[in-house]
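Following: one structure in structure tokens, then a few remarks.
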Amino acid sequence: MIRYSCDLCQREMDPDDDLRYVVQMEIYAAFDPTTVSEEDEDRDHLQEIQDILERLEQADADRVGDDVYQRLRFDLCPECRKKFVKNPLGKEHAKVLGFSKN
Ligand SMILES: [Zn+2]
């Protein structure tokens with residue numbers, strides 16, 4: 001049987017007792033529509049991204065690809081899921097920095 005552990009607190013989850021939550025994140029470079037010139041308006045931008053990805057794959061996918069497109073997947077225990085939902089971007093840390101007087 002496959003055992004899962006929480007990616008946040010590292011706790012091993014018991015498949016009989018614990019609900020396991022899967023978090024999937026998709027991070028990709030946004031193409032700002034205001035920078036698109038008129039003759040480009042008809043172009044399919046998803047296709048464009050696809051083309052870029054394919055080119056990167058051929059070039060150096062391991063190093064460059066993550067800057068453009070990244071898919072992350074995490075397993076979370078119920079407690080960490082609650083924490084994550086409250087603060088999915090980990091803002092707590094940024095707030096602390098903001099209040100420090102430098
Ligand atoms: Zn956890």
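Everything quoted here is computed from the prediction, not taken from an experiment. Along the sequence shown, residues are numbered consecutively beginning with 1. As the structure lists them, so they are numbered: ligands from 1, and atoms in each ligand from 1.
Hydrophobic clustering, defined by side-chain heavy atoms of Ile, Leu, Val, Met, Phe, Trp and Tyr closer than 4.5 Å, groups Leu76 together with Leu8, Leu19, Tyr21, Val23, Met25, Ile27, Leu72, Phe74, Phe84.
With sequence neighbours left out, the side chain to side chain donor-acceptor pair (under 3.5 Å) criterion links Gln47 to Asp51.
Residue pairs meeting the salt bridge (charged side-chain N to carboxylate O under 4.0 Å, His left out) criterion with at least one member in residues 6-15, sequence neighbours excluded, are Arg3-Glu12, Arg11-Asp18, Arg11-Glu79.
The line from OG of Ser5 to CZ of Arg20 is 10.5 Å long, rounded to the nearest 0.5 Å. Interatomic distance, Lys83 NZ to Cys77 SG, rounded to the nearest 0.5 Å: 7.0 Å.
Scanning both residues, Asp75 and Arg73, for their nearest heavy atoms gives OD1-NH1, 3.3 Å.
For the Zn ion (ligand 1), protein N, O or S atoms closer than 2.8 Å were enumerated as Cys6 SG, Cys9 SG, Cys77 SG, Cys80 SG, with waters left out.
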